Amino acid sequence: MKILETKYDPKAIEDRLYSLWEQKGYFKAKADKAKKPFTVMMPPPNITGQLHMGHAIDNTMQDILIRMKRMQGYSTLWLPGTDHASIATEAKIVESMRKEGIDKHDIGREEFLKRAWAWREKYGTRIVEQLKKMGSSCDWSRERFTMDEGLSKAVVKAFINLYEKGLIYRGEKIINWCPVCGTSISNAEVEYEEKEGALWYIKYPIENEDEFVTVATTRPETMIGDTAVAVNPDDDRYKHLVGKNVILPLVNKKIPVIADEYVEKDFGTGVVKITPAHDPNDFEVGLRHNLPIINAMNDDATMNDNAGQYSGLDRYEARKRMVKDLENARLIDKIEKHMHNVGSCYRCDSIVEPKVSTQWFVKMEPLAKPAVDVVNRSETEFVPSRFSKIYLNWMEDCHDWCISRQLWWGHRIPAYYCEDCGNVIVSDEMPNSCNKCKSSNIKQDEDTLDTWFSSALWPFSTLGWPDKTEDLQYFYPTNVLVTGYDIIFFWVARMIFSGVEYTGQTPFSTVLIHGLVRDELGRKMSKSLGNGVDPLDIISQYGTDALRFSLITGNSPGNDLRFSETKVEAGRNFANKIWNATRFVLMNFDENPDFSNICKCNFENPEKWILTRLNRVIKEVTDNMERFELGIALQKIYEFIWDEFCDWYIELVKPKLYDKQNPKRKEALYVLKYTLTNAMKLLHPFMPFISEEIYQSLADTEESIMISSWPVADASNDYTEYAKDMDVIMDSIKSIRNKRSELNIEVKMKSNIFFVSDDEHIRNTIQQGEQYFIKLASAKSISVFEDELKIPTNSISIILPGFKIFMPFKELVNIDEEITRLEKEYEKAIAEMQRAKSKLENEAFVSKAPVNLVDSEKQKYKKFEDLSHEIKQSLENLKCM
RNA sequence: GGAGGUGUAGCUCAGUUGGUUAGAGCGCUUGCUUGACAUGCAAGAGGUCGUUGGUUCAAGUCCAAUCAUCUUCACCA
């Protein structure tokens, strides 16, 4: 039998075990009709990304669920993959090309895509390797990429279906434009932040009059595109102006004064300039009043030719100059500081520009309805449930989704335009000729689709949809989706409506939501703050198991957690504890013990006690895990292993183990191994590496804990009554230690311990436990009596329910201190007694509360009443000394 | 403005459907080279569960109000 090192070294085993698992094919899923499927789709990380704490917690949770279900005998599939992340990836490639002095337009689309694929080959596998470091037991043979052939086919199919149903349309609308990324982005991709700006009050001269109207605006530079000035129809101050014209300063153009409900009388001057091309609200007003749309800017947010002398200037530079020119013309009435929300691109953080342009949209209303229904009908449940409200809230009033992106890296929109007649053809391949005018002069749409359009199909496209593959039929719909709450709108919502639309089924029955991992100060981890903690650093310092422990323990679902290294240390210490417990067990297996003829008749109270506890922890942990209460489950495993198994059971069996002639020694070894093995099985989903290493060094049955079966409580191991006896001994030991510590008695100082009880069963239990008192309570020997006649008069007493303990330690005791202590204890007992008494005197309690509770109050009253008498007696004895 | 979260020991957080004397990790105090482990063992101090009402025999837990704090959605130029 090998003897382990005294310290657990995760580095020495983690990589080895992971490659063993992979080699053995344990991660591979099989569509096995004899078993029930359990499927989890990994949220595909971005190929440009590197592993961060968000991935770490997300993948740990998935791995926990998958490993448990695998052990429970399900046919488990955890399907991994990566996402092409069009904006982020294209930005990175453009940036790296810029360093070489190359612009993407110089080399053209085809050449650019070649580079992009090369880039993906080079960096796309990095995150995969990092996920393996986390111990993720996903089926790498089924790994998918959102731009691989099958998934691209699914995207085209989905687009065509929606188009044919009229749920995808092309239209000119005002969208969010990122001038740096050079593309449109969806509403969800804009982040709003309160920023200090200004309100410029600008005087617009009224045509043919000497009067002005003053408009207030936060964006003076867009006045180039003004096509009207609006007032509220009920605003008496301005009623007379409606229908007249004003002269747009700097441009010297006539624009009308119109009346529209949208204008708030009380804001600013009550007069608004209307710039349909540069403001979403103005765009709507423009539609209502048939106003022309005049665009003042280029795609890179410089002013365009419509801006005349300001043409070519950046939008903010143009603002400065225009304001200056207006001031010179005495057309600025005043400038006020003004706080307002400014939208910026979630990828590059530059300020987003509302822009009118022709884009493709998904019509949301018809898709949202069934997606709301599946959640209302609980076909998909959010855990914790409060997140369903957040989902429903968003889903119930979401706008049409802008899906076209002015990028090259992504799925090119399968729409073709006839250059001659303008006909639009949506098709899975380039048509030979226009189906209207027969022209062969046909061009494909230049744009690509929003990455989320393809991620939305992830739960089924990865299984082969639109083909009816065996995998799709067996593994779909999936069971659990694990993700952070920050991505409900982006992704979860879109997967649900897509799944319902294309497959007729909700893609997953449970959405398990977790919070964000924050830094030690509670701040969001971000690149710009530089406060991110690299999971790989933590792994190399403490091991993967310790990291996983720190992310799960003491956490409740959906709540953010602060990352702290001391928690990781706690995980590492726990691993070390387990390691050493195993080391201890193995050291006592002097030869390979033969457990084939174990007799339960040789189980003594400690064996019966730990087996009873094991049963309980198996049941509770399984229940907690089924309810996704992972933090509670791990906490219970931790307490079981550390407190019950190590601190108590191992200590209790030591005397037996050291006595090689003891006929019950083998049974103790058996129970040690049995308990440890089962504890490792419970722990395995959480801390896969150490549990496997321990299992393999103990087990002679199965080759890996991964494919062993999940523990089930064994009724024949329930010794509840015996466990109670053990509790009597353990409580006594604790009280004796406690007392000795209070009295500052050294551990080495042994004594005789006397027990007195009129209960024969208690007397027997204690008598049989002598060895434990000797080992764990500094006893020289013990004596058990029915009454106090033979107890030395000058003894320290401990009063426990049903019995008393005496230690003849008069010479070591400070009597005054002891009296003070007992007086305190007396008061406490009286307080508890009165508490119980007041309950029992309350007729409502006695009549309405459940009988067992009333009984337990009665017992409690009796217990404290007895206790108080005993204490009083002891006090009187002491005072006489 | 809408929606939601959080507030429990010095710190970070658990506390499942209301039910013994409210828990853990870390930190702190005291004592231990106890034949697995100092990444350890034993003992201990420390909490009027944000505040105020209410429901109930019984509230950290349910309800209402209030304060503080955070997130998110939508926004008046």
Side-chain angles (χ1 to χ4, degrees), chain A residues 3-4 6-8 187 192 199 215-219 230 262-264 266-269 271-275 279 281-282 338 340-341 386-387 389-390 392-394 397-398 485-486 488-489 515-516 520 522 524 542 546 550 553-556 558-564 566-567 569-588 623-624 627 629 631-632 635 638-639 646-647 650-651 654 658 734 737-742 744-748 775-776 778 828 831-832 835-836 839 842-850 852-854 856-857 859-860 863-864:
Chain A
I3 299 299
L4 308 171
T6 60
K7 282 194 168 61
Y8 173 59
N187 296 339
Y192 290 93
L199 261 185
V215 304
T217 179
T218 54
R219 301 205 56 195
Y262 152 74
V263 183
E264 301 249 341
D266 302 332
F267 188 89
T269 58
V271 187
V272 193
K273 69 190 207 50
I274 299 296
T275 323
D279 182 281
N281 292 306
D282 292 6
H338 179 64
H340 62 147
N341 269 338
R386 66 172 185 270
F387 289 103
K389 271 190 201 166
I390 292 182
L392 290 170
N393 245 332
W394 187 81
D397 65 356
C398 58
Y485 60 70
D486 53 331
I488 293 176
F489 309 134
L516 271 35
E520 306 216 22
K524 219 167 160 173
Y542 300 98
S550 75
T553 189
N555 256 105
S556 62
N559 284 1
D560 288 355
L561 68 136
R562 290 191 199 199
F563 178 81
S564 82
T566 58
K567 235 186 202 177
E569 268 178 43
R572 178 203 57 184
N573 295 351
F574 182 41
N576 193 56
K577 186 73 184 175
I578 294 167
W579 181 259
N580 275 289
T582 309
R583 190 165 165 264
F584 171 79
V585 172
L586 293 180
M587 283 169 87
N588 285 286
D623 285 352
N624 287 131
R627 289 200 295 264
E629 293 160 358
I632 295 175
Q635 190 65 36
Y638 179 91
E639 279 164 12
C646 292
D647 287 348
I650 286 184
E651 295 306 324
K654 274 180 178 174
Y658 296 153
K734 281 186 224 171
R737 283 172 173 172
N738 180 331
K739 174 73 75 179
R740 291 175 55 102
S741 167
E742 269 172 28
N744 289 319
I745 301 168
E746 282 185 57
V747 177
K748 286 177 194 158
K775 172 77 185 164
L776 302 174
S778 300
K828 214 172 159 185
E832 285 305 324
R835 221 174 112 113
K839 275 193 182 179
N842 181 343
E843 274 177 41
F845 175 75
V846 176
S847 57
K848 290 188 184 173
N852 61 327
L853 275 169
V854 177
S856 82
E857 278 313 311
Q859 278 170 26
K860 188 175 148 190
K863 174 180 148 189
F864 283 105

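No hydrogens, no waters, no symmetry mates; every other heavy atom, side chains included, goes into these values. Proteins come first, then strands; the chains are lettered A, B, ... in the order of their sequence lines, and each starts at number 1. Treat the numbers as computed from the prediction; the structure is a model and nothing was measured.
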Looking only at the side chain of [X] (C-beta and beyond, no hydrogens), which of the listed nucleotides [options] gets closest?
{"X": "A/Ala844", "options": "B/G15, B/U39, B/C57", "answer": "B/C57"}
{"X": "A/Lys389", "options": "B/G4, B/C57, B/G35", "answer": "B/G4"}
{"X": "A/Asp647", "options": "B/C37, B/A24, B/C41", "answer": "B/C41"}
{"X": "A/His338", "options": "B/A77, B/A43, B/G4", "answer": "B/A77"}
{"X": "A/Asn842", "options": "B/C57, B/C37, B/A43", "answer": "B/C57"}
{"X": "A/Cys646", "options": "B/A77, B/A36, B/U39", "answer": "B/A36"}
{"X": "A/Lys775", "options": "B/G40, B/G19, B/U34", "answer": "B/U34"}
{"X": "A/Asn393", "options": "B/A3, B/U16, B/A43", "answer": "B/A3"}
{"X": "A/Thr566", "options": "B/G15, B/C37, B/C26", "answer": "B/C26"}

What's the gap between [N] and [M] when it is taken at their [atom1] atoms, as a whole Å value?
{"N": "B/C32", "M": "B/C70", "atom1": "C1'", "answer": "46 Å"}
{"N": "B/A58", "M": "B/A45", "atom1": "C1'", "answer": "30 Å"}
{"N": "B/G23", "M": "B/G15", "atom1": "C1'", "answer": "7 Å"}
{"N": "B/G60", "M": "B/U72", "atom1": "C1'", "answer": "27 Å"}
{"N": "B/G46", "M": "B/C28", "atom1": "C1'", "answer": "9 Å"}
{"N": "B/U69", "M": "B/U29", "atom1": "C1'", "answer": "34 Å"}
{"N": "B/U55", "M": "B/C63", "atom1": "P", "answer": "15 Å"}
{"N": "B/G25", "M": "B/G40", "atom1": "P", "answer": "11 Å"}

Would you mind reporting whether [Y] and [X] have side-chain heavy atoms less than 4.5 Å apart?
{"X": "A/Asn580", "Y": "A/Arg583", "value": "yes"}
{"X": "A/Asp279", "Y": "A/Lys273", "value": "no"}
{"X": "A/Phe267", "Y": "A/Leu199", "value": "yes"}
{"X": "A/Ile390", "Y": "A/Tyr485", "value": "no"}
{"X": "A/Leu776", "Y": "A/Arg737", "value": "yes"}
{"X": "A/Lys734", "Y": "A/Asn738", "value": "no"}
{"X": "A/Gln635", "Y": "A/Asn624", "value": "no"}

Nucleotide forming a Watson-Crick or wobble pair with [N], both distances under 3.5 Å:
{"N": "B/G53", "value": "B/C63"}
{"N": "B/A58", "value": "none"}
{"N": "B/U6", "value": "B/A68"}
{"N": "B/A22", "value": "none"}
{"N": "B/G44", "value": "B/C28"}
{"N": "B/U39", "value": "none"}

Between [N] ([atom2]) and [X] ([atom1]): distance, integer Å:
{"X": "A/Glu651", "N": "B/G35", "atom1": "CD", "atom2": "P", "answer": "10 Å"}
{"X": "A/Asn588", "N": "B/A36", "atom1": "CG", "atom2": "C1'", "answer": "9 Å"}
{"X": "A/Arg740", "N": "B/C32", "atom1": "CZ", "atom2": "C1'", "answer": "12 Å"}
{"X": "A/Phe574", "N": "B/C37", "atom1": "CZ", "atom2": "P", "answer": "18 Å"}
{"X": "A/Arg572", "N": "B/C26", "atom1": "CZ", "atom2": "C1'", "answer": "13 Å"}
{"X": "A/Asn576", "N": "B/C41", "atom1": "CG", "atom2": "P", "answer": "10 Å"}
{"X": "A/Lys848", "N": "B/C57", "atom1": "NZ", "atom2": "P", "answer": "3 Å"}
{"X": "A/Asn555", "N": "B/U16", "atom1": "CG", "atom2": "C1'", "answer": "16 Å"}

Geometric class of the A/Tyr8/A/Trp579 ring pair [parallel <30°, tilted 30-60°, perpendicular >60°]: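 Ring orientation of A/Trp579 relative to A/Tyr8: tilted.
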Parallel, tilted or perpendicular, as decided by the 30° and 60° cut-offs, for the rings of A/Tyr638 and A/Phe574: tilted
So, is [X] close to the [N] phosphate, meaning a side-chain N or O under 4.0 Å from OP1 or OP2?
{"X": "A/Arg562", "N": "B/C13", "value": "yes"}
{"X": "A/Asn580", "N": "B/U39", "value": "no"}
{"X": "A/Lys577", "N": "B/C41", "value": "yes"}
{"X": "A/Ser741", "N": "B/G44", "value": "no"}
{"X": "A/Tyr658", "N": "B/A36", "value": "yes"}

Which residue lies more 5' along RNA chain B, comparing A/Val846 with A/Ile650 via nearest heavy atoms: A/Ile650
5′-ward residue of the pair A/Val271/A/Lys7 relative to RNA chain B: A/Lys7
How is [X] classified with respect to the nucleic acid when contacts are heavy atoms under 4.0 Å: base, sugar-phosphate, or nothing?
{"X": "A/Ala216", "answer": "base"}
{"X": "A/Glu520", "answer": "nothing"}
{"X": "A/Lys654", "answer": "base"}
{"X": "A/Thr217", "answer": "sugar-phosphate"}
{"X": "A/Glu264", "answer": "base"}
{"X": "A/Asn624", "answer": "base"}
{"X": "A/Arg627", "answer": "base"}
{"X": "A/Gly631", "answer": "nothing"}
{"X": "A/Phe489", "answer": "sugar-phosphate"}

Face-to-face contact A/Trp579 to B/A36 six-ring, under 5.5 Å, under 30°: no
Contact summary for A/Val854 and A/Ala849, nearest pair of heavy atoms: CG2-O, 3.9 Å
